[in-house]
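For reference, the structure is listed below as structure tokens.
For the single chain, residues carry numbers from 1 onward in sequence order.
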Amino acid sequence: MADPTPEETLLARADGPVTRARLVRDLTALGLREGDVVMFHTRMSAIGYVAGGAPALVGALRETVGERGTLMVTCGWNDAPPYDFTSWPQPWQDAVRAEHPAYDPVVSEADHDNGRLPEALRRWPGAVRSRHPDVSFAALGPAAEELTADHPWDDPHGPGSPLARLVALGGRVLMLGAPLETLTLLHHAEALADAPDKLFVEYEQPVLIDGRRVWRRFRDIDSSGGAFDYSAHTPEGQDPFETIARDMLAAGIGRRGWVGAADSHLFEAGEVLDFGLAWIEERLGGGAAR
């Protein structure tokens with residue numbers, strides 16, 4: 001008898017197709033509540049066959065948090081010019097500067113690396129998206145404007161960011177089969193951490209300001225390559241965010257359960273920030289960051 005395919009294994013673990021009603025039951029059992037403000041990360045393939053795909057999952061999340069609840073995702077910008085385009089041959093740079101479309105919160109696609117759900121949510125009727133091109137967030141619900149308004153151009157993971165506001169609102173973070181290394185809220189801890197040798201990036205991207213296309217320079221922690229050198233404090237080959245998240249779970253922070261076939265986690269945003277800050281500062285040392 002042939003071994004089951006990965007798809008057959010997922011269906012067996014999910015006990016059949018994962019319907020919207022099943023998603024609502026599983027999300028409720030995990031601890032998601034009516035009225036929650038929740039940022040979520042999803043790996044759809046881990047859940048199993050979701051009847052109705054991404055819209056069904058967004059619908060289940062909305063049903064679970066209710067009319068008073070708000071959903072948020074990290075989007076980014078799929079077609080942003082690369083950071084290093086300024087090192088290209090001058091004619092190439094000139095062409096990009098002359099014609100690369102400006103980031104538009106309404107039409108610019110979310111980064112495909114973030115999966116299907118950010119694009120699905122940001123296109124949902126009533127959703128709003130923050131103005132920052134590289135670090136945009138989208139939200140849907142009563143707190144959406146409060147979460148996304150006036151996203152700081154510089155230090156977009158720091159004070160005043162959608163991540164900071166998620167914490168201030170007593171929000172939560174839901175990981176639906178998503179790898180622990182994708183826990184974006186830990187970038188907020190990096191931005192706030194008082195530790196030496198913090199790494200930053202500067203880059204240029206076109207944005208719309210008062211209806212005009214303008215090239216603007218941005219400064220942020222290095223959220224792609226790493227805001228710190230974690231190599232002495234993480235197992236070889238393991239992403240530092242996964243290490244922090246596993247230590248957090250070992251300390252009793254967060255809830256774990258199954259949503260469909262997906263091993264999932266639910267965290268309080270404030271606890272993630274506090275633990276992440278303490279973890280970074282205790283291991284990497286105090287002092288002024290450069």
**Study point:** Listed partners of Arg25 passing salt bridge (Lys or Arg N to Asp or Glu O under 4.0 Å), at least two apart
**Key:** none

Check your understanding: Should the pair Glu34-Arg68 be classified as a salt bridge under the 4.0 Å nitrogen-to-oxygen rule?
Key -> yes

Review point. If you link I, L, V, M, F, W and Y whenever their side-chain heavy atoms are under 4.5 Å apart, who else ends up in the same group as Val107?
Key: Val106

Review point. Which residues, ordered by chain and number, are linked to Val128 in its hydrophobic cluster, where ILVMFWY side chains connect at heavy-atom gaps below 4.5 Å, directly or through other members?
Key: none

Study note, to complete from the structure: Residues passing the side chain to side chain contact (heavy atoms under 4.5 Å, CB included) test with Pro125, sequence neighbours excluded, are none

**Study point:** Heavy-atom neighbours of Arg131 CZ exceed 12 at 6.0 Å
**Key:** yes

Revision key, fill the gap. His157 meets the ring pair (Phe, Tyr, Trp, His ring centres under 6.0 Å) criterion, sequence neighbours left out, with His187

Check your understanding: Who passes ring pair (Phe, Tyr, Trp, His ring centres under 6.0 Å) against His132, sequence neighbours left out?
Key -> His151, Phe218

Please set out all donor-acceptor pairs under 3.5 angstrom arising from side-chain atoms of residues 169-178, sequence neighbours excluded.
residue	atom	partner	partner atom	Å
Arg172	NE	Glu268	OE2	3.0
Arg172	NH1	Gly31	O	2.8
Arg172	NH1	Asp36	OD2	2.8
Arg172	NH2	Glu268	OE2	2.9

Practice item. Name all residues meeting the salt bridge (Lys or Arg N to Asp or Glu O under 4.0 Å) criterion together with Arg283; count only those two or more places apart in sequence or in a different chain, and write none if there are none. Key: none

Exercise for review: Go through the structure and list residues passing ring pair (Phe, Tyr, Trp, His ring centres under 6.0 Å) with Trp215, not counting sequence neighbours.
Suggested key: Phe85

Show me the donor-acceptor pairs, under 3.5 Å and distance only, between side chains in residues 86-93 and residues at least two apart or in other chains.
residue	atom	partner	partner atom	Å
Ser87	OG	Asp84	O	2.7
Gln90	NE2	Asp94	OD1	2.8
Gln93	NE2	Thr86	O	2.9
Gln93	NE2	Trp88	O	2.7

**Study point:** side-chain contact (heavy atoms from CB on, under 4.5 Å) assessment of Asp194 paired with Glu281
**Key:** CA-CA 6 Å; Asp194 181 14; Glu281 293 181 346; 3.6 Å; yes

Revision key, fill the gap. Ring pair (Phe, Tyr, Trp, His ring centres under 6.0 Å) filter on His233, not counting sequence neighbours, yields none

Review point. Do other residues, nucleotides or ligands put more than 12 heavy atoms under 6.0 Å from the CZ atom of Arg256?
Key: no

Check your understanding: Quick one: side chain to side chain contact (heavy atoms under 4.5 Å, CB included) partners of Glu202, sequence neighbours excluded?
Key -> Arg217, Arg219

